[in-house]
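Heads up, the thing below is written out as structure tokens.
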Protein chains: 2
Amino acid sequence: MFYNLSDKELEALKIIRNSLVHQGRIPSVRELMIGLNYKSPRSSAVLLKSLEEKEILRKKMDGSYQIVDFEIPEDYGSRAQTVKIPLLGSVACGIPIFADENIEAEVSISVEMIKKGCKYFLLRAEGDSMDKAGINNGDLLLIKQQQDAENGDRILALIDDEATVKEYNKSNGMVILKPKSNNKIHQPIILTDNFRIQGVVENVIKL
Amino acid sequence: MFYNLSDKELEALKIIRNSLVHQGRIPSVRELMIGLNYKSPRSSAVLLKSLEEKEILRKKMDGSYQIVDFEIPEDYGSRAQTVKIPLLGSVACGIPIFADENIEAEVSISVEMIKKGCKYFLLRAEGDSMDKAGINNGDLLLIKQQQDAENGDRILALIDDEATVKEYNKSNGMVILKPKSNNKIHQPIILTDNFRIQGVVENVIKL
DNA sequence: TGTAGAGTGTATATTTATGTATGTTTTATA
DNA sequence: TATAAAACATACATAAATATACACTCTACA
């Protein structure tokens, strides 16, 4: 699959993969140019051309490129593929969740943990309100960006300008966010359903 | 071994070795020309040719040169018994790790550093993500080929077709590769446990 | 409705770095 | 001094990367 690719071609593929995860599309000739530190769109266009000739990319009807196979190679284990997921710092209300000011770092995550076409981000867990659910202070939460959730999901919500992870429960037009640990400090939060879910916790990474 | 080499040839070898360790490639005819204070590319080209005839250099399939015999400086002239360990260059996707295309040189290493019956190879350290662990840019890493590791070992993994050395940590069905220095540039890499370790760093050779 | 601007893929010609080839000059030494 | 080896100055062909321009599609906005 990825045989006989030059270093530059592999680097281009890496950038394309990341662009697919975060922007949902193949980068433009000029975006790729910047990513590869080229100075002319020609250089990256030639690279795309050669990837097309090697049948890694394909041209669609409208002229735009499409990646032929974004699947994991069989010998994945020895050849881990990753995408970069932004690690968000403080998520304040009103600020778009992907605003550059919020991005603390970029963390490489195996593509095996990522669903194609979905947007993800990482958040550092603070406090211990979820420790019964296996989330401890300092853990990294891999969160899939979405607006809906199933009952029982651990969701990220913005409550009073704070990023909060709680268990989602909806019934009778009311939404109850339960902390997993049931003590006096962490009481459930009861809201109407006119609030926005930011995402669902897909994985908890203990560092 | 190097007895029938002229002074100029020895000097050229020194420059080639240096370039191999630090730039990861045989210098171009003109780079070697400058290094040897020649004024014409012909002069260094002739020198490369004669090193090839004396079988110190060898042409690979792709036409680029490869150094056949490479002793690390400490061993120069010593009577210590040595074995030849391959120095791997870029580890491209799809190519088995010991394929000829990957081998940049054969380096003589003292047998005292080698356990019998184990397979070893050398890798040039790039970047400084491991500098807190005593690995600096340009060091040669002596790596024992094995698939398993203990938490805390410095392992070699192929991440996005790049050879990466990081501290190994496995927990909860996830594998976390930590850089020793913890800053915004060097973040951990998070993988599923479905990936293969290439080897464990046994020694760091500083040149 | 029309226009300006940004972003797109592509085309043309140029620059740069490479290995090699052609002779010529210098240097060492027999 | 004669001669062979070494180093020289150039030139050529190729590949990669460059600068720049062109034509097309959007979208925003007056």
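Chain A is the first sequence line, chain B the second, and so forth, proteins listed ahead of strands; every chain is numbered from 1.
Scanning atom types as modelled, one donor and one acceptor separated by under 3.5 angstrom connect the side chain of A/Arg30 and the base of C/dG9.
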Item to check | Stepwise side-chain contact (heavy atoms from CB on, under 4.5 Å) test for A/Leu140 and A/Arg124 | outcome: CA-CA 5 Å; A/Leu140 283 189; A/Arg124 200 184 301 281; 4.0 Å; yes

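Atom CG of B/Asp7 has 12 or fewer heavy atoms from other residues, nucleotides or ligands within 6.0 Å. Few gaps surround CZ on B/Arg25; more than 12 heavy atoms of other groups in view lie less than 6.0 Å from it. Atom NZ of A/Lys84 has 12 or fewer heavy atoms from other residues, nucleotides or ligands within 6.0 Å.
Non-hydrogen atoms lying under 4.0 Å from DNA chain C are contributed by nothing in residues 31-39 of chain B.
You'll find the side chain of B/Ile197 stays beyond 4.5 Å of the side chain of B/Gln146, heavy atoms only.
Shown are A/Leu141, A/Ile103, A/Leu142; of these, the side-chain contact (heavy atoms from CB on, under 4.5 Å) with A/Leu122 is made only by A/Leu142.
When the P atom of D/dA17 is taken as reference, atom CD of A/Glu9 falls 11 Å away, rounded to whole Å. The nearest whole Å value for the distance from the OH atom in B/Tyr65 to the P atom in C/dT18 is 15 Å. For the pair A/Lys49 NZ and C/dG9 C1', the computed distance is 10 Å after rounding to whole Å.
In this view, A/Asn151 and A/Tyr168, A/Asn169, A/Lys170 satisfy the side-chain contact (heavy atoms from CB on, under 4.5 Å) rule, not counting sequence neighbours.
Of the side-chain N and O atoms in B/Ser28, one or more sit less than 4.0 angstrom from OP1 or OP2 of C/dT18.
The two atoms that bring B/Val175 and B/Phe195 nearest to each other are CG1-CE2, 3.4 Å, heavy atoms only.
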Counting primed atoms, P, OP1 and OP2 as sugar-phosphate and everything else as base, the B/S/- map of nucleotides 21-30 of chain C against protein heavy atoms under 4.0 Å is BB--------

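Here the nucleotide nearest the side chain of B/Ser43, chosen from D/dA7, C/dT10, C/dT20, is D/dA7.
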